[in-house]
Amino acid sequence: MGFFAQHGSYSEGNGKRFAVAEAGIYTCALIDIEAVQGKSFDDPSVMEPNYKFVFETTEVGDDDGQPFRFVQFTKTIYGNDKAKLTILLDSMVGKHMDRTEYQNLDINALKGKQWQVVVGTRQKMNGEMGNVIETVKPLKVAAQKPLRKASAPVATDDIEDPFND
């Protein structure tokens, strides 16, 4: 059994539709990773296992105040540099993982982080507009610079004012 199948869950979905967001960069939470069945690229009549990564915005939402939702589907095999799962996870963890690191990857740790998700828009086959995830990286919190120490006061007792007549 694959790593995500052990830690993820499967949901039939609730049919709720989410608004399409403008292309851009969003701060998101990873709310779910599901093991789902998807049509095979080679033979659409064959169903094969996939992962469904679900991200929701945490700072902005649609006109009704609901978060935007972005979904990324991947195959279930990690390792090939061109595989969507490998590209996504490598971007999220900041490196290519070896077998042990992959097997020990903690889903709850991924869910506990904030993510910078770059999103584009595209027209689906049915003509509807939708969002597509381009990249996912950990959200970098700006480092807080320490306040400058106040400099020592400059001694001015023995300096004459040149404008004093």
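The basis for the numbers below is simple: all heavy atoms, side chains too, and nothing from hydrogens, waters or symmetry mates.
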Under 3.5 Å: donor-acceptor pair, side chain of Y78, backbone of M97: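 Side chain of Y78 to backbone of M97: a pair is present.
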Side-chain donor/acceptor of N126 to backbone N/O of E128, under 3.5 Å: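 Judged by distance alone, yes, a pair lies under 3.5 Å.
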Can you see which heavy atom on [X] is nearest to which on [Y], and at what distance?
X	Y	result
A23	G120	CB-CA, 4.0 Å
T76	Y102	O-OH, 4.2 Å
E56	P67	OE1-CG, 3.4 Å
K137	S91	CG-OG, 3.5 Å

Only counting residues at least two apart or in another chain, list the ones meeting side chain to side chain contact (heavy atoms under 4.5 Å, CB included) with [X].
X	value
T121	V20, M129, N131
V60	Y26, T57, F68
N108	D106, K111
M125	none

Is there a path from [X] to [Y] through hydrophobic residues (I, L, V, M, F, W, Y) whose side chains come within less than 4.5 Å of each other?
X	Y	answer
V93	F55	yes
L139	V117	no
I133	I87	no

Mutual orientation of the aromatic rings belonging to F53 and Y51 [parallel < 30°, tilted 30-60°, perpendicular > 60°]: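 F53 vs Y51 ring planes: perpendicular.
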Separation of I107 CD1 from I33 CD1 (nearest 0.5 Å):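 One gets 4.0 Å once the value is rounded to the nearest 0.5 Å.
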I'd like to check the side-chain hydrogen bond (donor to acceptor under 3.5 Å, both in side chains) partners of [X]; sequence neighbours left out, ordered by chain and number.
X	value
Q72	none
E48	K75
D42	none
Q114	T58

Salt bridge (charged side-chain N to carboxylate O under 4.0 Å, His left out) contacts touching residues 88-104 (sequence neighbours left out):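 Output for this query lists K95-E101.
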Any residue meeting salt bridge (Lys or Arg N to Asp or Glu O under 4.0 Å) with E134, in chain and number order, not counting sequence neighbours: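 Partners of E134 under the salt bridge (Lys or Arg N to Asp or Glu O under 4.0 Å) test: none.
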Side-chain heavy-atom pair R69, V54 within 4.5 angstrom cut-off: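 Yes, at least one pair of side-chain atoms sits under 4.5 Å.
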Hydrophobic cluster partners of I25 (side-chain heavy atoms under 4.5 Å):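 Members besides I25, by chain and number: V118.
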side-chain hydrogen bond (donor to acceptor under 3.5 Å, both in side chains) contacts in which one or both residues fall within residues 80-89, not counting sequence neighbours: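 Counting only pairs at least two positions apart or across chains, no side-chain hydrogen bond (donor to acceptor under 3.5 Å, both in side chains) contact touches residues 80-89.
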Neighbour count above 12 (heavy atom, 6.0 Å) for I77 CD1: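 Open.
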